[in-house]
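Every number for a ligand or one of its atoms is a count from 1 in the order of the listing.
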Amino acid sequence: MTDYQQLDQQAKQIIQQNDRGTYTIPTAGLYPYQWNWDSALTAFGIAQYDLKRAWQEFETLFSGQWENGMVPHILFHQQDDGYFPGPDVWDTKQKLASSGITQPPIAATFIRKLYEKDQAFGTEYVKKLFPKICRWHEWFMAHRLEKYGIAVTHPWESGRDNAVEWDQPLTRVDISQVGTYQRRDTSHVDADMRPTKLDYDRYLSLVYFGRDNQWDESVIRAQGAFRVCDPTMSFTLIRANKDLTWLAEQIGEKTERLQQITDELSDAASGLWQEDLKSYTARDAKDGAFANAISNASFLNWFAGIDNPVALESLQKIMAETPYAVPSHPASAETYDANRYWRGPIWVIMNTMIAMGLAEQGHADLAETIRQKSEDLIIKGGFAEYFNPENGAPAGGGNFSWTAACWLGWVSPTARQEG
Ligand code: GLC
């Protein structure tokens, strides 16, 4: 018999151990700062036991918002030498030290979840955060909207750092000036679970390019080597913008502009559909080339409120290839790797968003299958960063905040009882 209460307790303890007062780190050692979309998901977990602290997670995240509206992917609240590249490498010259890129904009979606738990309590928070989220969404529209959805300028922005979709576009990145550096990630986690040296050189080259151009989005747009329309960014922004529209209605704000953003984004993102793969995939903004690779982000269309029966068949087919699901890259693909970062393993956070979307779009059975498989993984392997789709083995960092949070908010039977 599974002791669900004990697992709930353990999940809560993990988040509390990773709590740094006003924000939560993903896991000690490997990720010692505040990450953008980790915080949004972690707040969703915290909201199950401490709503005030959950709201604070967002207040801290938005305290790092740039003048231009961008909300950075990492906030370096306190220097930690165990992580590279740190604030000195990014050199963004912001009041609160940060990276120079963003991450999937899921804040509005999970802010809505917090608000729905207690509207009276949440109203003041929503009123304060609403204009900030609007500015962030407008930043995407001004600087990242392309013909085929929202573009990322660095693989790290997508939140799926090492995904197969970036392989081809990354070949444009010049690594001749990268020089020597000391990686930190491989001192915390096995090297075969992490990106290769060549990939890392390219990641750094892109960081140096942004830094050398003072993180000016117009220069990055015109001259940056990497610009790829990404299903994660595009679908999460559509979803978040719909949730923001709903929140606007609740607090009596105008909704016209938000609706217009949703329409423009939805039109563009339909260009991510790759007919021969029967899936949404990333697409190079420079030449329109499809990434030709399915990922778990391919199935965020339901999360964005977009139903698609052909995509549903693809998802079912891929889920049938391994005992656990949803893999970040299908086991049948040549480029699949069961252990390496975002090239095969399962992320419970992605399962949560995929299944939330499926359930909302009338596919409750499939959503429940994904939830059940997520439950099996956590019972067997604990609150790991990610999991092997073949044997369910935990991989990457342990005691991970967002895995614990998704347990509390969605996977655990306790969460379901609460509805
Ligand atoms: C890795 C993941 C990214 C996440 C970060 C912190 O970089 O790819 O999605 O936000 O770790 O957990």
Side-chain angles (χ1 to χ4, degrees), residues 14-15 17-20 23-45 57 61 64 71-77 80 82-86 89-90 98-107 110 152 154-166 170 183-186 188-190 193-196 199-200 202-204 206-207 230-233 235-236 282 295-297 300 327-329 337 339-354 383-387 394-406:
I14 287 174
I15 297 176
Q17 276 157 15
N18 290 335
D19 189 338
R20 295 294 175 269
Y23 65 96
T24 311
I25 61 168
T27 187
L30 187 61
Y31 299 118
Y33 296 112
Q34 183 178 20
W35 261 259
N36 187 323
W37 72 330
D38 293 67
S39 254
L41 283 150
T42 302
F44 172 51
E57 197 72 23
L61 178 64
V71 183
H73 105 290
I74 307 175
L75 297 178
F76 301 113
H77 295 283
D80 188 312
Y83 182 82
F84 177 85
V89 180
W90 291 91
S98 75
S99 70
I101 56 173
T102 193
Q103 252 191 339
I106 57 174
F110 290 96
V152 290
H154 193 298
W156 292 343
E157 281 199 319
S158 70
R160 302 178 298 114
D161 306 14
N162 201 27
V164 175
E165 289 117 292
W166 322 132
L170 277 175
R183 271 174 82 163
R184 299 286 179 202
D185 59 327
T186 41
H188 300 290
V189 170
D190 276 3
M193 294 180 182
R194 299 289 307 176
T196 60
D199 284 331
Y200 231 84
R202 289 164 166 168
Y203 300 154
L204 282 179
L206 290 169
V207 171
D230 167 32
T232 336
M233 282 295 185
F235 289 140
T236 58
S295 73
N296 43 1
L300 287 175
S328 46
H329 193 48
D337 183 334
N339 284 319
R340 204 180 287 275
Y341 225 43
W342 296 103
R343 303 175 85 91
I346 297 163
W347 266 257
V348 170
I349 58 140
M350 295 299 279
N351 283 4
T352 305
M353 291 186 280
I354 294 169
F383 299 95
E385 183 178 8
Y386 52 96
F387 300 88
N399 295 335
F400 227 82
S401 295
W402 66 11
T403 310
C406 286

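- Ring planes of Phe44 and Phe110: tilted class, angle from 30 to 60°.
- Taking every heavy atom of Gln103 and a limit of under 4.0 angstrom, the matching atoms of ligand 1 come to 3 (C), 4 (C), 9 (O), 10 (O).
- Comparing Ile349, Asp38, Asp161 by heavy-atom distance to atom 6 (C) of ligand 1, the nearest is Asp38.
- Here the side chain of Arg340 pairs a donor or acceptor atom with the backbone of Arg194 at under 3.5 angstrom.
- Ring geometry, Tyr31 versus Phe400: the interplanar angle exceeds 60°, so the pair is classed perpendicular (tilted spans 30 to 60°).
- Contact annotation: Tyr341 has at least one heavy atom less than 4.0 Å from an atom of ligand 1.
- No side-chain donor-acceptor contact under 3.5 Å links Arg160 to the backbone of Glu157.
- Relative ring orientation between Tyr33 and Phe76 is described as perpendicular, the plane-to-plane angle rising above 60° on a 0-90° scale split at 30° and 60°.
- In His73, neither the side chain nor the backbone holds a heavy atom less than 4.0 Å from any atom of ligand 1.
- Numbered from 1 in the order shown, with element, the atoms of ligand 1 that lie under 4.0 Å from a heavy atom of Pro26 read 6 (C), 12 (O).
- For the residue pair Ser401 and Asn18, a side-chain donor N or O sits within less than 3.5 Å of a side-chain acceptor on the partner.
- Closest to atom 9 (O) of ligand 1 by heavy atom, among Pro195, Gly159, Gly397, Ala163, is Gly159.
- Every N/O-N/O distance between Arg160 and ligand 1 stays at or above 3.5 Å.
- Counting the atoms of ligand 1 from 1 in the order shown, those under 4.0 Å from a heavy atom of Trp37 are 3 (C), 4 (C), 9 (O), 10 (O).
- Inclusion of Trp402 in the set of residues having an N or O under 3.5 Å from an N or O of ligand 1 is not warranted.
- The shortest N or O to N or O distance between Trp35 and ligand 1 is not below 3.5 Å.
- Remark: ligand 1 atoms within the under-4.0 Å shell around heavy atoms of Phe400 are 12 (O).
- Considering OG of Ser328 and CG of Asn162, their distance stands at 9.5 Å, rounded to 0.5 Å.
- Between Trp35 and His73, the two ring planes are perpendicular [angle over 60°; tilted spans 30° to 60°].
- Between Trp347 and ligand 1 there is no heavy-atom distance shorter than 4.0 Å.
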